[in-house]
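Notes follow the structure.
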Amino acid sequence: MDPMSGPYVIRGSVSLPEAELMWRFSRSSGPGGQHVNTSDSQVDLRFDLARTEALPPVWKERALDRLAGRLVDGVISVRASEHRSQWRNRETAAVRLASLLAEASAPPPRPRRATRIPRGINERRLREKKQRSDTKRGRSGRDWG
């Protein structure tokens with residue numbers, strides 16, 4: 001196998017398991033001249049999210065839940081064909097998969113804590129509103145004789 005640029009880190013010490021990645025190559029559309037007709041530069045990268053042991057169980061649950069719409073039998077697939085070289089497309093696909101899994105397995109954001117608006121601020125707002133309304137009422141020329 002080609003020397004890839006190291007393990008693709010998802011988050012912390014967890015990275016994509018090289019052995020569980022399923023690669024498929026096919027002819028890519030787009031630029032490349034005569035070369036494009038002979039080389040399989042488009043990359044399909046598949047990863048069995050449902051059966052993997054590489055992710056912590058909590059992350060796996062979260063990812064399965066959030067990526068449910070993209071999974072086919074628990075397998076997530078990523079395609080890359082923007083580069084003319086297969087190697088660069090492989091890099092792109094792996095990085096894309098890693099960031100997708102990182103996003104999907106991230107912990108949910110902290111719930112917002114409701115805070116009360118101080119009474120003084122509310123009173124000041126109402127006072128300023130009243131003042132503004134008086135100013136505008138004074139502009140209407142109703143009682144100008």
Quiz item: Has Leu126 got more than 12 heavy atoms of other residues, nucleotides or ligands less than 6.0 Å from its CG?
Solution: yes

Practice problem: Tell me, please, whether Trp23 has Arg46 positioned over its six-membered ring: NZ or CZ under 6.0 Å from the ring centre and within 45 degrees of its axis? | Solution: no

Exercise. Just grab all the salt bridge (Lys or Arg N to Asp or Glu O under 4.0 Å) pairs involving residues 109-120, residues at least two apart or on different chains.
Key: Arg119-Glu123

Quiz prompt | side-chain hydrogen bond (donor to acceptor under 3.5 Å, both in side chains) partners of Thr52, counting only residues at least two apart | solution = Glu20

Practice problem: Drop me the distance from Asp40's CG to Ser81's OG, to the nearest 0.5 angstrom. | Solution: 12.5 Å

Quiz item: Does any N or O in the side chain of Asn89 come within less than 3.5 Å of the main-chain N or O of Ser41, such that one atom is a donor and the other an acceptor?
Solution: yes

Quiz item: To the nearest 0.5 Å, how far apart are CG in Leu21 and CZ in Arg90?
Solution: 9.5 Å

Self-check item: For the student: nearest non-hydrogen atoms of Ala93 and Val78, plus distance
Solution: O-CG1, 3.8 Å

Quiz prompt | Apart from Val75 itself, residues in the same hydrophobic cluster as defined by side-chain heavy atoms under 4.5 Å | solution = Met22

Exercise. Please answer whether the main-chain N or O of Ser77 pairs with a side-chain N or O of Arg70 as donor and acceptor at a distance below 3.5 Å.
Key: yes

Quiz prompt | Min side-chain heavy-atom separation Gln131-Asp134 under 4.5 Å | solution = no

Practice problem: Could you name each residue pair satisfying salt bridge (Lys or Arg N to Asp or Glu O under 4.0 Å) that touches residues 51-65, not counting sequence neighbours? | Solution: Asp48-Arg51

Practice problem: Would you confirm whether Gln86, through its side chain, and Phe25, through its main-chain N or O, come within 3.5 Å as a donor-acceptor pair? | Solution: no

Practice problem: With sequence neighbours left out, write down each residue that passes side-chain hydrogen bond (donor to acceptor under 3.5 Å, both in side chains) with Ser26, or none if nothing qualifies. | Solution: Gln42

Using residues 95-107 as the side-chain source, report each donor-acceptor pair under 3.5 Å to any protein atom, sequence neighbours left out, with the distance given to one decimal.
residue, atom, partner, partner atom, Å
Arg96, NH1, Arg79, O, 2.6
Arg96, NH2, Glu82, OE2, 2.3
Ser99, OG, Val95, O, 3.4
Ser99, OG, Arg96, O, 3.0
Ser105, OG, Arg11, NH1, 3.4
Ser105, OG, Leu101, O, 2.7

Quiz item: Can you tell me how far CZ of Phe47 sits from CG of Leu71, rounded to the nearest 0.5 angstrom?
Solution: 11.0 Å

Quiz item: When you look at CZ of Arg125, are more than 12 heavy atoms from neighbouring residues, nucleotides or ligands closer to it than 6.0 Å?
Solution: yes

Quiz item: What's the spacing between Leu49 CG and Ile76 CD1 if we round to 0.5 Å?
Solution: 6.5 Å

